[in-house]
Amino acid sequence: MDIKLREVEYRYAAGTPFERLAITEVSFDIPSGGYTAIIGHTGSGKSTVLQHLNVLLKPLKGEIQIGSRTIAAGRKEKNLKEIRRRVGIVFQFPEHQLFEETVEKDICFGPVNFGVSEGEAKERAREALALVGLPEHVLERSPFDLSGGQMRRVAVAGVLAMQPEVLVLDEPTAGLDPRGRHDMMEMFASLQKEKGMTCVLVTHSMEDAARYADRIVMMHKGRVYKTGTPCEIFSDGPDLTAIGLDVPETVRFQRLFEEKLGRPLGHLCLTPEELAREISRLRGES
Amino acid sequence: MMEKMILGRYLPADSVVHRMDPRAKLLFIFGFVLIVFLANNFFTYALLGVFTLIVILLARVKIQFLIAGLKPVIIIILFTFFLHVFFTKEGDILAQIGFLSIYKGGVIKGIFIALRFFLLILVTSLLTLTTPPISVTDGIESLFGPLKKVKVPVHELALMMSISLRFIPTLLDETDKIMKAQMARGADFTSGSLSNRVKAVIPLLVPLFVSAFKRAEELAVAMEARGYKGGEGRTKYRLLAWHMRDTLALLFLIGLAAALFALRS
Ligand SMILES: Nc1ncnc2c1ncn2[C@@H]1O[C@H](COP(=O)(O)OP(=O)(O)OP(=O)(O)O)[C@@H](O)[C@H]1O
Ligand SMILES: [Mg+2]
(Lines give C-alpha, C1' and ligand atoms only; values in the text may rest on other atoms or scores of the structure.)
(Ligands and ions follow the chains in the order given, each with its own letter.)
Protein backbone atom coordinates (compact mmCIF):
# COMPACT_ATOMS: atom_id res chain seq x y z
CA MET A 1 0.00 0.00 0.00
CA ASP A 2 1.59 3.23 -1.15
CA ILE A 3 1.26 6.39 0.89
CA LYS A 4 1.65 9.78 -0.74
CA LEU A 5 1.76 13.12 1.03
CA ARG A 6 1.05 16.25 -0.99
CA GLU A 7 1.74 19.73 0.36
CA VAL A 8 0.62 18.73 3.83
CA GLU A 9 0.43 21.42 6.48
CA TYR A 10 -0.47 21.07 10.14
CA ARG A 11 -0.72 23.55 13.00
CA TYR A 12 -1.22 22.61 16.62
CA ALA A 13 -3.92 24.55 18.49
CA ALA A 14 -4.95 26.24 15.25
CA GLY A 15 -6.99 29.38 15.83
CA THR A 16 -5.80 30.01 19.37
CA PRO A 17 -3.00 32.20 20.71
CA PHE A 18 -1.03 29.00 21.20
CA GLU A 19 -1.13 28.18 17.50
CA ARG A 20 2.04 26.60 16.29
CA LEU A 21 3.03 25.65 12.77
CA ALA A 22 4.42 22.13 12.98
CA ILE A 23 4.80 21.09 9.35
CA THR A 24 4.19 22.77 6.02
CA GLU A 25 4.50 21.91 2.34
CA VAL A 26 5.42 18.36 3.20
CA SER A 27 5.36 16.13 0.14
CA PHE A 28 6.95 12.73 -0.24
CA ASP A 29 6.05 9.16 -1.14
CA ILE A 30 6.28 6.00 0.89
CA PRO A 31 6.48 3.19 -1.66
CA SER A 32 4.90 -0.12 -0.76
CA GLY A 33 7.32 -2.70 0.55
CA GLY A 34 10.12 -0.18 1.01
CA TYR A 35 11.98 0.97 4.08
CA THR A 36 11.77 4.74 4.49
CA ALA A 37 13.70 6.57 7.20
CA ILE A 38 12.76 10.05 8.34
CA ILE A 39 15.60 11.96 9.92
CA GLY A 40 15.77 15.47 11.29
CA HIS A 41 16.62 17.59 14.26
CA THR A 42 14.48 17.57 17.43
CA GLY A 43 11.27 19.47 16.77
CA SER A 44 11.56 19.29 13.00
CA GLY A 45 8.10 17.75 12.70
CA LYS A 46 8.82 14.05 12.27
CA SER A 47 6.30 12.80 14.80
CA THR A 48 3.70 15.18 13.42
CA VAL A 49 4.17 13.73 9.95
CA LEU A 50 3.83 10.19 11.31
CA GLN A 51 0.50 10.94 12.93
CA HIS A 52 -0.87 11.84 9.53
CA LEU A 53 -0.04 8.42 8.15
CA ASN A 54 -3.00 6.82 9.94
CA VAL A 55 -5.03 10.02 10.20
CA LEU A 56 -4.65 10.63 13.90
CA LEU A 57 -4.08 14.17 12.68
CA LYS A 58 -5.81 15.54 9.63
CA PRO A 59 -3.96 17.95 7.37
CA LEU A 60 -5.05 21.57 7.52
CA LYS A 61 -3.85 21.96 3.95
CA GLY A 62 -2.89 19.48 1.26
CA GLU A 63 -3.82 15.82 1.07
CA ILE A 64 -2.63 12.33 1.83
CA GLN A 65 -3.24 9.24 -0.25
CA ILE A 66 -3.26 6.09 1.79
CA GLY A 67 -3.74 3.16 -0.55
CA SER A 68 -6.94 3.92 -2.43
CA ARG A 69 -8.19 6.50 0.06
CA THR A 70 -7.51 10.19 -0.13
CA ILE A 71 -7.60 12.28 3.01
CA ALA A 72 -7.88 15.93 2.08
CA ALA A 73 -7.95 19.03 4.23
CA GLY A 74 -11.31 20.27 5.39
CA ARG A 75 -13.30 17.10 4.71
CA LYS A 76 -15.03 14.96 7.30
CA GLU A 77 -13.57 11.48 7.34
CA LYS A 78 -15.42 8.40 8.42
CA ASN A 79 -14.35 4.84 8.86
CA LEU A 80 -10.74 5.46 9.73
CA LYS A 81 -10.48 2.13 11.49
CA GLU A 82 -9.64 0.35 8.26
CA ILE A 83 -6.70 2.70 7.70
CA ARG A 84 -5.53 2.24 11.27
CA ARG A 85 -5.64 -1.52 10.92
CA ARG A 86 -3.44 -1.36 7.87
CA VAL A 87 -1.04 1.30 9.14
CA GLY A 88 0.31 0.42 12.59
CA ILE A 89 2.17 3.10 14.51
CA VAL A 90 4.60 2.50 17.34
CA PHE A 91 4.82 5.84 19.11
CA GLN A 92 7.76 7.43 20.86
CA PHE A 93 7.99 5.77 24.30
CA PRO A 94 5.14 3.35 23.59
CA GLU A 95 5.51 1.74 27.01
CA HIS A 96 3.26 4.51 28.35
CA GLN A 97 0.27 3.05 26.57
CA LEU A 98 0.19 -0.29 28.41
CA PHE A 99 -2.88 -0.70 30.57
CA GLU A 100 -4.10 -4.29 30.82
CA GLU A 101 -3.70 -6.72 33.70
CA THR A 102 -1.58 -9.11 31.69
CA VAL A 103 0.84 -8.75 28.83
CA GLU A 104 -1.26 -11.13 26.77
CA LYS A 105 -4.40 -9.05 27.12
CA ASP A 106 -2.50 -5.89 26.29
CA ILE A 107 -1.06 -7.32 23.11
CA CYS A 108 -4.51 -8.62 22.14
CA PHE A 109 -6.08 -5.16 22.57
CA GLY A 110 -5.27 -4.01 19.05
CA PRO A 111 -6.22 -7.18 17.14
CA VAL A 112 -9.48 -7.56 19.09
CA ASN A 113 -10.41 -3.94 18.37
CA PHE A 114 -9.95 -4.66 14.71
CA GLY A 115 -12.29 -7.61 14.87
CA VAL A 116 -9.88 -10.54 15.18
CA SER A 117 -11.31 -13.45 17.20
CA GLU A 118 -9.97 -14.01 20.69
CA GLY A 119 -8.28 -17.30 19.87
CA GLU A 120 -6.57 -15.85 16.84
CA ALA A 121 -5.52 -12.77 18.83
CA LYS A 122 -3.87 -14.95 21.47
CA GLU A 123 -2.06 -16.85 18.77
CA ARG A 124 -0.80 -13.58 17.34
CA ALA A 125 0.22 -12.37 20.80
CA ARG A 126 2.47 -15.40 21.19
CA GLU A 127 4.04 -14.84 17.78
CA ALA A 128 4.55 -11.14 18.36
CA LEU A 129 6.14 -11.74 21.74
CA ALA A 130 8.61 -14.12 20.16
CA LEU A 131 9.42 -11.53 17.49
CA VAL A 132 10.36 -8.92 20.09
CA GLY A 133 12.51 -11.47 21.88
CA LEU A 134 10.59 -12.07 25.08
CA PRO A 135 10.00 -15.56 26.55
CA GLU A 136 6.48 -16.91 26.49
CA HIS A 137 5.94 -16.92 30.26
CA VAL A 138 5.90 -13.13 30.18
CA LEU A 139 2.40 -13.37 28.68
CA GLU A 140 0.88 -14.03 32.10
CA ARG A 141 2.73 -11.23 33.89
CA SER A 142 1.45 -7.76 34.54
CA PRO A 143 3.02 -5.27 32.14
CA PHE A 144 3.69 -2.99 35.09
CA ASP A 145 6.05 -5.50 36.71
CA LEU A 146 8.38 -5.48 33.73
CA SER A 147 11.52 -3.46 33.22
CA GLY A 148 11.41 -0.41 30.99
CA GLY A 149 13.01 -2.26 28.09
CA GLN A 150 10.66 -5.20 28.44
CA MET A 151 7.67 -2.87 28.52
CA ARG A 152 8.91 -1.30 25.32
CA ARG A 153 9.05 -4.70 23.66
CA VAL A 154 5.55 -5.57 24.82
CA ALA A 155 4.26 -2.28 23.41
CA VAL A 156 5.93 -2.99 20.07
CA ALA A 157 4.46 -6.49 20.11
CA GLY A 158 1.04 -4.91 20.63
CA VAL A 159 1.35 -3.17 17.28
CA LEU A 160 2.97 -6.10 15.49
CA ALA A 161 0.06 -8.31 16.55
CA MET A 162 -2.23 -6.08 14.49
CA GLN A 163 -0.29 -7.37 11.47
CA PRO A 164 -0.30 -4.02 9.73
CA GLU A 165 0.76 -3.67 6.12
CA VAL A 166 2.67 -0.52 6.94
CA LEU A 167 4.68 -0.42 10.14
CA VAL A 168 5.48 3.07 11.35
CA LEU A 169 8.14 3.39 14.04
CA ASP A 170 8.90 6.54 16.00
CA GLU A 171 12.35 6.06 17.54
CA PRO A 172 11.50 2.53 18.63
CA THR A 173 14.89 1.79 20.14
CA ALA A 174 15.57 5.00 22.08
CA GLY A 175 16.68 3.98 25.55
CA LEU A 176 17.27 0.30 24.83
CA ASP A 177 20.62 -1.39 25.42
CA PRO A 178 22.87 -1.88 22.36
CA ARG A 179 22.04 -5.55 22.01
CA GLY A 180 18.31 -4.85 22.34
CA ARG A 181 18.54 -2.09 19.75
CA HIS A 182 20.32 -4.28 17.29
CA ASP A 183 17.95 -7.22 17.70
CA MET A 184 14.88 -5.07 17.36
CA MET A 185 16.17 -3.24 14.29
CA GLU A 186 17.09 -6.55 12.67
CA MET A 187 13.62 -7.88 13.43
CA PHE A 188 11.96 -4.90 11.71
CA ALA A 189 14.27 -5.29 8.73
CA SER A 190 13.44 -8.97 8.36
CA LEU A 191 9.70 -8.22 8.54
CA GLN A 192 10.24 -5.81 5.68
CA LYS A 193 12.40 -8.12 3.60
CA GLU A 194 10.68 -11.43 4.23
CA LYS A 195 7.06 -10.48 4.83
CA GLY A 196 7.01 -7.49 2.48
CA MET A 197 5.92 -5.14 5.23
CA THR A 198 6.37 -1.45 4.44
CA CYS A 199 8.54 0.18 7.09
CA VAL A 200 8.72 3.84 8.07
CA LEU A 201 11.31 4.65 10.69
CA VAL A 202 11.92 7.91 12.51
CA THR A 203 15.37 7.82 14.00
CA HIS A 204 18.15 9.96 15.37
CA SER A 205 20.65 7.24 14.54
CA MET A 206 22.27 7.96 11.20
CA GLU A 207 23.81 4.49 11.43
CA ASP A 208 20.38 2.85 11.49
CA ALA A 209 19.12 5.05 8.69
CA ALA A 210 22.16 4.16 6.58
CA ARG A 211 22.01 0.46 7.27
CA TYR A 212 18.32 -0.31 6.93
CA ALA A 213 16.59 2.33 4.85
CA ASP A 214 16.31 2.38 1.08
CA ARG A 215 14.91 5.91 1.07
CA ILE A 216 15.60 8.79 3.41
CA VAL A 217 13.48 11.86 4.03
CA MET A 218 15.31 14.72 5.70
CA MET A 219 13.13 17.13 7.65
CA HIS A 220 14.12 20.58 8.78
CA LYS A 221 11.96 23.17 10.54
CA GLY A 222 8.70 21.53 9.52
CA ARG A 223 9.64 21.12 5.86
CA VAL A 224 11.07 18.33 3.77
CA TYR A 225 14.64 19.41 3.26
CA LYS A 226 15.70 16.65 0.93
CA THR A 227 14.81 13.10 -0.05
CA GLY A 228 17.02 10.48 -1.61
CA THR A 229 18.73 7.14 -1.24
CA PRO A 230 21.07 6.75 1.74
CA CYS A 231 24.03 7.08 -0.64
CA GLU A 232 22.75 10.38 -2.01
CA ILE A 233 21.92 11.76 1.41
CA PHE A 234 25.10 10.73 3.22
CA SER A 235 27.52 11.65 0.48
CA ASP A 236 26.88 15.33 1.25
CA GLY A 237 28.28 15.74 4.77
CA PRO A 238 28.22 19.55 4.98
CA ASP A 239 24.56 19.60 4.00
CA LEU A 240 23.74 17.31 6.92
CA THR A 241 25.74 19.27 9.45
CA ALA A 242 24.05 22.45 8.26
CA ILE A 243 20.76 21.23 9.70
CA GLY A 244 22.19 19.70 12.84
CA LEU A 245 22.64 16.14 11.63
CA ASP A 246 25.76 14.22 10.76
CA VAL A 247 27.00 11.41 8.55
CA PRO A 248 27.17 7.88 10.02
CA GLU A 249 30.35 6.82 11.81
CA THR A 250 31.27 4.59 8.89
CA VAL A 251 31.13 7.43 6.40
CA ARG A 252 33.20 9.65 8.68
CA PHE A 253 35.77 6.90 8.99
CA GLN A 254 35.80 6.40 5.23
CA ARG A 255 36.35 10.14 4.65
CA LEU A 256 39.31 10.22 7.05
CA PHE A 257 40.66 7.06 5.53
CA GLU A 258 40.42 8.50 2.01
CA GLU A 259 42.24 11.62 3.21
CA LYS A 260 45.12 9.50 4.50
CA LEU A 261 45.05 7.34 1.41
CA GLY A 262 45.09 10.32 -0.88
CA ARG A 263 42.31 9.09 -3.13
CA PRO A 264 38.63 8.16 -2.78
CA LEU A 265 37.44 4.57 -2.44
CA GLY A 266 35.22 3.12 -5.13
CA HIS A 267 31.91 4.05 -3.53
CA LEU A 268 30.32 5.29 -0.33
CA CYS A 269 30.08 2.49 2.23
CA LEU A 270 27.11 2.67 4.56
CA THR A 271 27.93 -0.10 7.02
CA PRO A 272 31.15 -1.07 8.77
CA GLU A 273 31.02 -4.51 7.11
CA GLU A 274 30.84 -2.98 3.67
CA LEU A 275 33.67 -0.60 4.44
CA ALA A 276 35.83 -3.40 5.82
CA ARG A 277 35.29 -5.40 2.62
CA GLU A 278 36.17 -2.41 0.52
CA ILE A 279 39.35 -1.74 2.47
CA SER A 280 40.50 -5.35 2.41
CA ARG A 281 39.87 -5.46 -1.33
CA LEU A 282 42.17 -2.47 -1.54
CA ARG A 283 44.86 -4.40 0.29
CA GLY A 284 44.49 -7.24 -2.16
CA GLU A 285 45.12 -4.81 -5.03
CA SER A 286 48.34 -3.35 -3.69
CA MET B 1 -7.96 17.65 20.93
CA MET B 2 -7.29 19.21 24.30
CA GLU B 3 -5.24 22.02 22.93
CA LYS B 4 -8.07 24.50 22.41
CA MET B 5 -8.93 24.76 26.10
CA ILE B 6 -7.68 27.99 27.60
CA LEU B 7 -9.05 27.40 31.06
CA GLY B 8 -6.11 27.58 33.43
CA ARG B 9 -3.52 28.45 30.80
CA TYR B 10 -1.09 31.33 30.87
CA LEU B 11 -0.62 33.50 27.79
CA PRO B 12 2.63 35.44 28.08
CA ALA B 13 2.44 39.05 26.91
CA ASP B 14 3.28 42.51 28.08
CA SER B 15 0.33 44.51 29.34
CA VAL B 16 -0.65 46.50 32.39
CA VAL B 17 -2.70 43.57 33.57
CA HIS B 18 0.22 41.17 33.10
CA ARG B 19 2.45 43.44 35.14
CA MET B 20 0.05 43.80 38.04
CA ASP B 21 0.93 42.31 41.38
CA PRO B 22 -0.76 38.89 41.61
CA ARG B 23 -2.05 39.84 45.05
CA ALA B 24 -3.82 42.83 43.56
CA LYS B 25 -5.29 40.64 40.85
CA LEU B 26 -6.51 38.09 43.38
CA LEU B 27 -8.10 40.76 45.55
CA PHE B 28 -9.58 42.32 42.44
CA ILE B 29 -11.17 39.05 41.34
CA PHE B 30 -12.43 38.38 44.82
CA GLY B 31 -14.01 41.84 44.92
CA PHE B 32 -15.41 41.43 41.43
CA VAL B 33 -17.06 38.12 42.32
CA LEU B 34 -18.81 39.89 45.18
CA ILE B 35 -19.98 42.95 43.32
CA VAL B 36 -21.24 41.05 40.29
CA PHE B 37 -24.10 40.07 42.54
CA LEU B 38 -25.03 43.72 43.02
CA ALA B 39 -26.17 44.01 39.42
CA ASN B 40 -29.89 43.52 39.02
CA ASN B 41 -31.08 45.63 36.10
CA PHE B 42 -30.14 46.69 32.61
CA PHE B 43 -27.90 49.61 33.59
CA THR B 44 -25.93 47.74 36.20
CA TYR B 45 -25.30 44.82 33.84
CA ALA B 46 -24.35 47.18 31.05
CA LEU B 47 -21.88 48.88 33.39
CA LEU B 48 -20.40 45.55 34.41
CA GLY B 49 -20.11 44.53 30.77
CA VAL B 50 -18.30 47.70 29.81
CA PHE B 51 -16.02 47.35 32.81
CA THR B 52 -15.13 43.77 31.87
CA LEU B 53 -14.51 44.83 28.29
CA ILE B 54 -12.09 47.50 29.47
CA VAL B 55 -10.20 44.96 31.57
CA ILE B 56 -9.97 42.59 28.60
CA LEU B 57 -8.70 45.37 26.36
CA LEU B 58 -6.14 46.39 28.96
CA ALA B 59 -4.94 42.79 29.18
CA ARG B 60 -4.46 42.74 25.39
CA VAL B 61 -6.19 39.41 25.04
CA LYS B 62 -8.13 38.97 21.83
CA ILE B 63 -11.81 38.50 22.55
CA GLN B 64 -12.19 35.82 19.85
CA PHE B 65 -9.60 33.72 21.67
CA LEU B 66 -11.42 34.07 24.94
CA ILE B 67 -14.72 33.06 23.40
CA ALA B 68 -13.22 30.15 21.43
CA GLY B 69 -11.39 28.88 24.48
CA LEU B 70 -14.44 29.13 26.69
CA LYS B 71 -16.73 27.15 24.40
CA PRO B 72 -17.18 24.25 26.82
CA VAL B 73 -18.20 26.72 29.53
CA ILE B 74 -20.56 28.53 27.20
CA ILE B 75 -22.55 25.32 26.83
CA ILE B 76 -23.07 25.25 30.58
CA ILE B 77 -24.09 28.89 30.52
CA LEU B 78 -26.65 28.25 27.80
CA PHE B 79 -27.98 25.38 29.84
CA THR B 80 -28.57 27.60 32.89
CA PHE B 81 -30.17 30.17 30.63
CA PHE B 82 -32.72 27.71 29.29
CA LEU B 83 -33.32 26.34 32.74
CA HIS B 84 -34.46 29.78 33.83
CA VAL B 85 -36.41 30.47 30.68
CA PHE B 86 -38.48 27.33 31.09
CA PHE B 87 -38.89 27.17 34.83
CA THR B 88 -39.30 30.72 36.08
CA LYS B 89 -42.92 31.79 36.21
CA GLU B 90 -42.92 35.54 36.54
CA GLY B 91 -44.48 38.37 34.54
CA ASP B 92 -46.44 38.07 31.32
CA ILE B 93 -46.56 34.94 29.22
CA LEU B 94 -44.55 35.45 26.05
CA ALA B 95 -45.11 32.15 24.31
CA GLN B 96 -46.70 28.81 24.84
CA ILE B 97 -45.22 25.64 23.38
CA GLY B 98 -47.27 22.63 24.37
CA PHE B 99 -47.25 22.39 28.13
CA LEU B 100 -44.26 24.76 28.39
CA SER B 101 -44.98 28.41 28.81
CA ILE B 102 -42.32 31.05 28.64
CA TYR B 103 -42.64 34.06 30.88
CA LYS B 104 -41.08 37.44 30.37
CA GLY B 105 -39.61 37.34 33.86
CA GLY B 106 -37.96 34.03 33.07
CA VAL B 107 -36.30 35.33 29.93
CA ILE B 108 -34.97 38.39 31.71
CA LYS B 109 -33.78 36.37 34.66
CA GLY B 110 -32.17 33.83 32.33
CA ILE B 111 -30.31 36.55 30.47
CA PHE B 112 -29.11 38.18 33.66
CA ILE B 113 -27.92 34.99 35.27
CA ALA B 114 -26.19 33.80 32.11
CA LEU B 115 -24.55 37.19 31.78
CA ARG B 116 -23.38 37.13 35.37
CA PHE B 117 -21.94 33.67 34.94
CA PHE B 118 -20.26 34.70 31.70
CA LEU B 119 -18.68 37.85 33.16
CA LEU B 120 -17.38 35.90 36.13
CA ILE B 121 -15.78 33.28 33.89
CA LEU B 122 -14.29 35.93 31.63
CA VAL B 123 -12.65 37.82 34.46
CA THR B 124 -11.39 34.76 36.29
CA SER B 125 -9.92 33.27 33.13
CA LEU B 126 -8.19 36.59 32.60
CA LEU B 127 -6.41 35.96 35.88
CA THR B 128 -4.86 32.72 34.70
CA LEU B 129 -4.28 34.05 31.18
CA THR B 130 -2.25 37.00 32.41
CA THR B 131 -0.54 35.52 35.47
CA PRO B 132 1.98 32.68 35.48
CA PRO B 133 0.71 29.92 37.79
CA ILE B 134 3.73 30.36 40.00
CA SER B 135 2.82 33.99 40.64
CA VAL B 136 -0.75 33.02 41.43
CA THR B 137 0.50 30.75 44.18
CA ASP B 138 3.01 33.31 45.40
CA GLY B 139 0.16 35.77 45.67
CA ILE B 140 -2.08 33.34 47.50
CA GLU B 141 0.69 32.39 49.89
CA SER B 142 1.37 36.01 50.63
CA LEU B 143 -2.30 36.92 51.10
CA PHE B 144 -2.92 34.02 53.43
CA GLY B 145 0.43 34.48 55.17
CA PRO B 146 -1.14 35.72 58.41
CA LEU B 147 -2.81 32.32 58.82
CA LYS B 148 0.63 30.81 59.46
CA LYS B 149 0.34 32.24 62.97
CA VAL B 150 -2.53 29.86 63.67
CA LYS B 151 -0.55 26.90 62.31
CA VAL B 152 -2.22 26.68 58.91
CA PRO B 153 0.42 25.17 56.57
CA VAL B 154 0.02 28.01 54.07
CA HIS B 155 3.31 27.40 52.31
CA GLU B 156 2.65 23.70 51.81
CA LEU B 157 -0.88 24.33 50.57
CA ALA B 158 0.41 26.94 48.14
CA LEU B 159 3.07 24.54 46.95
CA MET B 160 0.50 21.82 46.40
CA MET B 161 -1.55 24.23 44.41
CA SER B 162 1.31 25.40 42.26
CA ILE B 163 2.34 21.83 41.56
CA SER B 164 -1.17 20.90 40.49
CA LEU B 165 -1.44 23.96 38.30
CA ARG B 166 1.93 23.23 36.81
CA PHE B 167 0.91 19.73 35.84
CA ILE B 168 -2.46 20.46 34.26
CA PRO B 169 -0.99 21.12 30.79
CA THR B 170 1.34 18.14 31.17
CA LEU B 171 -1.60 15.94 32.02
CA LEU B 172 -3.61 17.23 29.07
CA ASP B 173 -0.68 16.57 26.73
CA GLU B 174 -0.32 13.12 28.16
CA THR B 175 -4.03 12.42 27.72
CA ASP B 176 -3.75 13.47 24.11
CA LYS B 177 -0.76 11.23 23.51
CA ILE B 178 -2.23 8.14 25.14
CA MET B 179 -5.54 8.69 23.39
CA LYS B 180 -3.76 8.75 20.05
CA ALA B 181 -1.69 5.69 20.89
CA GLN B 182 -4.83 3.72 21.77
CA MET B 183 -6.69 5.03 18.73
CA ALA B 184 -3.81 3.75 16.64
CA ARG B 185 -4.57 0.36 18.18
CA GLY B 186 -8.18 0.62 17.14
CA ALA B 187 -9.71 2.12 20.29
CA ASP B 188 -12.78 4.24 19.67
CA PHE B 189 -13.56 6.97 22.17
CA THR B 190 -16.31 8.74 20.31
CA SER B 191 -18.97 6.25 19.33
CA GLY B 192 -20.81 3.21 20.58
CA SER B 193 -23.18 2.62 23.45
CA LEU B 194 -22.72 4.21 26.85
CA SER B 195 -21.34 1.05 28.48
CA ASN B 196 -18.94 0.62 25.58
CA ARG B 197 -17.76 4.16 25.96
CA VAL B 198 -17.19 3.76 29.67
CA LYS B 199 -15.16 0.67 28.88
CA ALA B 200 -13.27 2.60 26.24
CA VAL B 201 -11.83 5.05 28.77
CA ILE B 202 -10.07 2.33 30.76
CA PRO B 203 -7.17 2.12 28.27
CA LEU B 204 -6.90 5.87 28.69
CA LEU B 205 -7.26 6.21 32.45
CA VAL B 206 -4.95 3.41 33.55
CA PRO B 207 -1.83 4.72 31.78
CA LEU B 208 -2.73 8.25 32.84
CA PHE B 209 -2.90 7.31 36.52
CA VAL B 210 0.22 5.20 36.30
CA SER B 211 2.22 8.05 34.83
CA ALA B 212 0.73 10.63 37.22
CA PHE B 213 1.74 8.55 40.23
CA LYS B 214 5.15 7.87 38.78
CA ARG B 215 5.61 11.54 38.13
CA ALA B 216 4.53 12.48 41.65
CA GLU B 217 6.98 10.01 43.12
CA GLU B 218 9.84 11.24 40.96
CA LEU B 219 9.04 14.84 41.83
CA ALA B 220 9.05 14.05 45.55
CA VAL B 221 12.39 12.29 45.29
CA ALA B 222 13.87 15.11 43.23
CA MET B 223 12.69 17.69 45.75
CA GLU B 224 14.12 15.78 48.68
CA ALA B 225 17.36 15.20 46.85
CA ARG B 226 17.68 18.94 46.48
CA GLY B 227 17.11 19.48 50.18
CA TYR B 228 13.56 20.75 50.16
CA LYS B 229 12.08 20.74 53.65
CA GLY B 230 9.07 23.00 53.69
CA GLY B 231 8.49 26.69 54.21
CA GLU B 232 10.43 27.28 57.41
CA GLY B 233 13.21 29.80 56.89
CA ARG B 234 12.83 29.72 53.13
CA THR B 235 13.54 32.90 51.20
CA LYS B 236 12.01 33.81 47.88
CA TYR B 237 13.60 34.26 44.51
CA ARG B 238 10.63 36.12 43.05
CA LEU B 239 9.64 39.01 45.26
CA LEU B 240 6.22 40.54 44.92
CA ALA B 241 6.10 44.30 44.52
CA TRP B 242 3.01 46.41 45.00
CA HIS B 243 2.83 49.39 42.63
CA MET B 244 0.66 52.39 42.19
CA ARG B 245 -1.25 50.63 39.40
CA ASP B 246 -2.30 47.92 41.83
CA THR B 247 -3.77 50.44 44.22
CA LEU B 248 -5.45 52.17 41.29
CA ALA B 249 -6.99 48.93 40.08
CA LEU B 250 -8.55 48.30 43.45
CA LEU B 251 -9.82 51.89 43.66
CA PHE B 252 -11.29 51.44 40.22
CA LEU B 253 -13.15 48.40 41.51
CA ILE B 254 -14.44 50.29 44.56
CA GLY B 255 -15.67 52.99 42.20
CA LEU B 256 -17.51 50.36 40.20
CA ALA B 257 -19.09 48.96 43.37
CA ALA B 258 -20.28 52.44 44.34
CA ALA B 259 -21.75 53.02 40.87
CA LEU B 260 -23.54 49.68 41.01
CA PHE B 261 -25.01 50.55 44.37
CA ALA B 262 -26.29 53.82 42.99
CA LEU B 263 -27.76 52.30 39.82
CA ARG B 264 -29.29 49.08 41.12
CA SER B 265 -33.01 48.93 41.59
N1 LIG C 1 0.82 18.44 21.10
C2 LIG C 1 1.46 19.53 20.66
N3 LIG C 1 0.99 20.77 20.89
C4 LIG C 1 1.62 21.86 20.43
N5 LIG C 1 2.75 21.84 19.71
C6 LIG C 1 3.29 20.64 19.44
C7 LIG C 1 2.68 19.43 19.89
N8 LIG C 1 3.44 18.39 19.46
C9 LIG C 1 4.47 18.94 18.78
N10 LIG C 1 4.39 20.29 18.75
C11 LIG C 1 5.31 21.20 18.07
O12 LIG C 1 5.38 20.87 16.71
C13 LIG C 1 6.72 20.88 16.25
C14 LIG C 1 7.09 19.54 15.66
O15 LIG C 1 7.05 18.58 16.68
P16 LIG C 1 7.31 17.03 16.46
O17 LIG C 1 6.92 16.34 17.71
O18 LIG C 1 6.64 16.61 15.21
O19 LIG C 1 8.89 17.02 16.27
P20 LIG C 1 9.88 15.77 16.12
O21 LIG C 1 10.61 15.98 14.86
O22 LIG C 1 9.13 14.50 16.29
O23 LIG C 1 10.89 15.98 17.32
P24 LIG C 1 11.66 14.88 18.24
O25 LIG C 1 12.82 14.41 17.46
O26 LIG C 1 12.08 15.66 19.44
O27 LIG C 1 10.68 13.80 18.56
C28 LIG C 1 7.57 21.29 17.42
O29 LIG C 1 7.89 22.64 17.28
C30 LIG C 1 6.70 21.05 18.62
O31 LIG C 1 6.97 22.00 19.62
MG1 LIG D 1 9.13 13.03 17.74
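Side chains of B:Asp246 and B:Arg23 form no contact here, defined as non-hydrogen atoms less than 4.5 Å apart. By the 4.5 Å heavy-atom criterion applied to side chains, B:Thr52 and B:Val123 are counted as neighbours.
The contact between A:Leu57 and chain B is made entirely by side chain atoms (from C-beta outward), counting heavy-atom distances below 4.5 Å. The parts of A:Phe109 that come within reach of chain B are both its backbone and its side chain, each placing non-hydrogen atoms under 4.5 angstrom from that chain. Proximity to chain B (any heavy atom under 4.5 Å) is restricted, for A:Gln51, to the side chain, taken from C-beta onward. Interface residue B:Val210: only side-chain heavy atoms are found under 4.5 Å from chain A. Of the atoms belonging to A:Phe144, it is side-chain heavy atoms, and not backbone ones, that fall under 4.5 Å from chain B.
Under the 30°/60° scheme for interplanar angles, the aromatic rings of A:Tyr12 and A:Tyr10 are found to stand perpendicular.
When the candidates B:Ile178, B:Val61, B:Leu11 are compared by the number of heavy-atom contacts under 4.5 Å with chain A, B:Leu11 comes out ahead. Put simply, of B:Lys177, B:Lys214, B:Lys62, B:Arg185, the one with the most heavy-atom pairs under 4.5 Å next to chain A is B:Arg185. When each of A:Ile89, A:Asn54, A:Val168, A:Asp106 is scored by its heavy-atom pairs under 4.5 Å with chain B, the top score falls to A:Asp106.
A donor atom on one side chain and an acceptor atom on the other are not found under 3.5 Å apart for A:Gln150 and A:Arg153.
For the atom pair A:Ile71 CD1 and A:Leu53 CG, the distance stands at 11.5 Å (nearest 0.5 Å).
In this structure, B:Phe252 has its ring center at least 6.0 angstrom away from the ring center of B:Phe28.
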